Amino acid sequence: MSLVLILTLEEFMAVLPLLYFPDPKLNTVAKPVQAVDARIKQLIVDMLDTMYDAKGIGLAATQVNVHEQLIVIDVSEDRDQALVLINPQTVWTSSETHLNEEGCLSVPGIYDGVQRFDAIKVVALDGEGKSRTVEADKLLAVCIQHEMDHLMGKVFVEYLSPLKRNRIKKKMIKAQREDAR
């Protein structure tokens with residue numbers, strides 16, 4: 001007698017631990033993904049699960065301590081339009097910029113204004129390893145730029161004044177100490 005085991009996708013999903021500012025690992029520059037293999041596909045599933053669990057709209061692999069160029073995003077209202085960008089490269093930006101209120105899963109509870117391009121065009125691989133071009137504006141453009149910054153080792157608070165950044169750093173360290181108790 002043989003036993004057939006059927007597992008659903010949810011059983012393979014995992015919520016990954018996030019890195020929190022000012023963890024120096026967040027400043028690591030991510031390396032290109034070499035192959036869209038089973039490991040990367042599982043990482044995509046786990047990152048999406050992590051992002052949805054944390055009520056985020058974007059997540060870079062850097063934020064889960066994987067320093068490869070992989071981003072997942074879902075700005076849809078129903079949270080059912082996931083976008084995967086592997087090795088993204090910006091090929092065009094609008095001349096117009098806008099100050100946008102941003103937050104970050106690695107800096108919970110902190111929101112501030114960051115100047116971003118109004119529209120961008122990026123070329124990347126999707127979750128199947130196929131090349132694609134994404135033209136984005138509004139929230140999606142902001143999210144892509146924010147997550148691509150993570151791949152370059154930059155957290156949004158680094159755009160803020162040193163005074164604001166230091167206040168946020170102290171607040172985050174205090175919160176992390178209290179959580180550790």
Side-chain angles (χ1 to χ4, degrees), residues 15-30 46-79 81-86 88-122 124 134-181:
V15 173
L16 303 170
L18 291 166
L19 296 177
Y20 295 103
F21 180 79
D23 191 318
K25 290 179 231 141
L26 287 168
N27 298 118
T28 304
V29 176
D46 293 344
M47 285 176 59
L48 284 167
D49 193 39
T50 303
M51 179 186 72
Y52 290 134
D53 183 70
K55 310 284 189 271
I57 60 171
L59 184 67
T62 302
Q63 295 174 270
V64 293
N65 205 22
V66 176
H67 303 286
E68 293 179 80
Q69 294 177 13
L70 170 59
I71 294 168
V72 297
I73 294 172
D74 190 342
V75 296
S76 68
E77 269 189 51
D78 294 332
R79 316 293 282 143
Q81 296 177 31
L83 174 65
V84 175
L85 300 174
I86 299 170
Q89 295 182 343
T90 304
V91 294
W92 175 84
T93 59
S94 65
S95 57
E96 301 82 25
T97 62
H98 195 219
L99 189 64
N100 300 280
E101 181 95 347
E102 292 186 26
C104 181
L105 295 178
S106 292
V107 195
I110 304 296
Y111 300 89
D112 212 316
V114 176
Q115 199 78 22
R116 299 283 187 189
F117 294 106
D118 286 349
I120 62 168
K121 183 190 292 188
V122 297
V134 177
E135 294 182 30
D137 62 3
K138 301 179 182 165
L139 181 59
L140 180 58
V142 170
C143 192
I144 290 172
Q145 291 171 81
H146 177 107
E147 299 308 332
M148 286 181 71
D149 274 355
H150 279 298
L151 300 182
M152 298 307 300
K154 191 167 187 173
V155 181
F156 91 97
V157 296
E158 293 173 47
Y159 286 103
L160 307 178
S161 71
L163 179 64
K164 277 188 179 181
R165 192 170 46 250
N166 284 332
R167 280 189 195 150
I168 293 167
K169 183 177 181 178
K170 288 176 184 174
K171 184 176 181 176
M172 293 297 298
I173 290 170
K174 182 180 178 188
Q176 290 166 24
R177 281 190 194 130
E178 289 173 1
D179 287 348
R181 290 182 192 171

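None of these values were measured; they are calculated from a predicted model.
- Note that OG1 of Thr97 and CG of Asp118 are 6.5 Å apart. Values are rounded to the nearest 0.5 Å.
- Annotation for Thr50 and Asp46: closest pair OG1-O, 2.7 Å, computed over non-hydrogen atoms.
- The nearest pair of heavy atoms linking Ser94 to Phe117 is O-CD2, 3.1 Å.
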Worksheet item: Yes or no on side chain to side chain contact (heavy atoms under 4.5 Å, CB included) for Phe156 and Asp149, after CA distance, side-chain angles and deciding distance?
Response: CA-CA 8 Å; Phe156 91 97; Asp149 274 355; 6.0 Å; no
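- Across all their heavy atoms, Ala60 and His150 have their closest contact at CB-CB, 3.5 Å.
- Atom-to-atom distance recorded for Thr93:OG1 and Ile120:CD1 is 8.5 Å, nearest 0.5 angstrom.
- For Ser106, the side-chain hydrogen bond (donor to acceptor under 3.5 Å, both in side chains) partners are Gln63, not counting sequence neighbours.
- Across all their heavy atoms, Thr62 and Lys25 have their closest contact at CG2-O, 4.0 Å.
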Worksheet entry | Derivation of the side chain to side chain contact (heavy atoms under 4.5 Å, CB included) call for Ile57 and Leu139 | CA-CA 10 Å; Ile57 60 171; Leu139 181 59; 3.8 Å; yes
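- Distance check, rounded to the nearest 0.5 Å: CG of Asn166 to NZ of Lys164 gives 13.0 Å.
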Discussion item. Determine whether Gln145 and Val114 satisfy the following criterion, side chain to side chain contact (heavy atoms under 4.5 Å, CB included), listing intermediate values before the conclusion.
Written reply: CA-CA 11 Å; Gln145 291 171 81; Val114 176; over 6 Å; no
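- Both tests pass for Lys154 against the ring of Tyr159: distance under 6.0 Å to the centre and angle within 45° of the axis.
- Within a 6.0 Å sphere centred on CD of Glu77, heavy atoms belonging to other residues, nucleotides or ligands number 12 at most.
- Side chains of Pro88 and Ile144 form no contact here, defined as non-hydrogen atoms less than 4.5 Å apart.
- Put simply, CD on Glu158 and CD1 on Ile168 are 11.0 Å apart, with the number rounded to the nearest 0.5 Å.
- Considering every non-hydrogen atom in both Val72 and Met51, the closest pair reads O-SD, 3.7 Å.
- Rounding to the nearest 0.5 Å gives a distance of 3.5 Å between CE of Met148 and OG1 of Thr90.
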Item to complete: Any chance you could lay out the side chain to side chain contact (heavy atoms under 4.5 Å, CB included) test for Ile71 and Leu83, step after step, and finish with the verdict?
Response: CA-CA 8 Å; Ile71 294 168; Leu83 174 65; over 6 Å; no
Could you go through residues 170-181 and list every donor-acceptor pair under 3.5 Å that involves a side-chain atom there, pairing it with any protein atom two or more places apart or in another chain?
unit_1	atom_1	unit_2	atom_2	d
Gln176	NE2	Phe21	O	2.9

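- None of Val155, Asn65, Leu105, Thr28 except one satisfies the side chain to side chain contact (heavy atoms under 4.5 Å, CB included) rule with Leu19; the exception is Asn65.
- More than 12 heavy atoms of other residues, nucleotides or ligands sit less than 6.0 Å from atom CZ of Arg79.
- Enclosure of atom NE2 in His98 is not indicated, since only 12 or fewer non-hydrogen atoms of other residues, nucleotides or ligands lie within 6.0 angstrom.
- Here the straight-line distance linking atom CG of Asp112 with atom CG of Leu160 works out to 4.5 Å at 0.5 Å rounding.
- A heavy-atom distance below 4.5 Å is not found between the side chains of Val75 and Lys138.
- Closest approach of His146 and Glu102 over heavy atoms only: ND1-OE1, 2.7 Å.
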